[in-house]
Amino acid sequence: MISTSALIGYTAAVGFQAFLSWPEEKSLFGIDTSGKLSRSDDGGTMWKQLTTVPGGTPQAPTAADRDHILAATQSGVYASRDDGKAFAELAPLAS
């Protein structure tokens, strides 16, 4: 069973978005609990799935702007500089 207290929003197109970030007024990014990154350009009405963030379970995304997205995961911090199309490891999680 999914705990609804851990979920921010639900959309029919992409399901539950566990973590959200708003880089611009109507633009937002969401990552579900499996790491699938999606973007909405209309305030969350319609969503487009972009990619899956590497690194395991996502902890939080931060979108500085539409092109620059950071995602903290269970294994480190990953960065995208191309609208979420690809991610590179920025900082591994220290063990």
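Remember, it's a predicted structure, so these values are computed and weren't measured experimentally.
Listed here is the closest heavy atom pair of F87 and A71: CE2-CB, 4.3 Å. Taking all atoms of both residues into account, the shortest heavy-atom contact from S80 to D82 is OG-OD1, 2.8 Å. The shortest non-hydrogen separation linking L50 to D83 is CD1-O, 3.5 Å. What you find for G84 and I69 is that their closest heavy atoms are N-CD1, 3.6 Å.
Side-chain N or O atoms of S40 include none that pairs as donor or acceptor with a backbone N or O of L28 at under 3.5 Å. Not a single donor-acceptor pair under 3.5 Å links the side chain of E89 to the backbone N or O of Y78. Side chain of T73 to backbone of P58: no donor-acceptor contact under 3.5 angstrom is found. Judged purely by atom type and a 3.5 angstrom limit, T51 has no side-chain atom pairing as donor or acceptor with the backbone of A86.
The closest side-chain donor-acceptor pair between S38 and Q49, if any, does not fall under 3.5 angstrom.
Taking the salt bridge (charged side-chain N to carboxylate O under 4.0 Å, His left out) definition, one finds that D41 meets it with R39, R66, sequence neighbours left out. Every residue two or more places apart in sequence or in another chain was checked for a salt bridge (charged side-chain N to carboxylate O under 4.0 Å, His left out) with R81, and none qualifies.
No side-chain heavy atom of L37 sits under 4.5 Å from any side-chain heavy atom of T52.
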Test side chain to side chain contact (heavy atoms under 4.5 Å, CB included) applied to L90 and L70, step by step: CA-CA 9 Å; L90 185 64; L70 299 171; 3.8 Å; yes
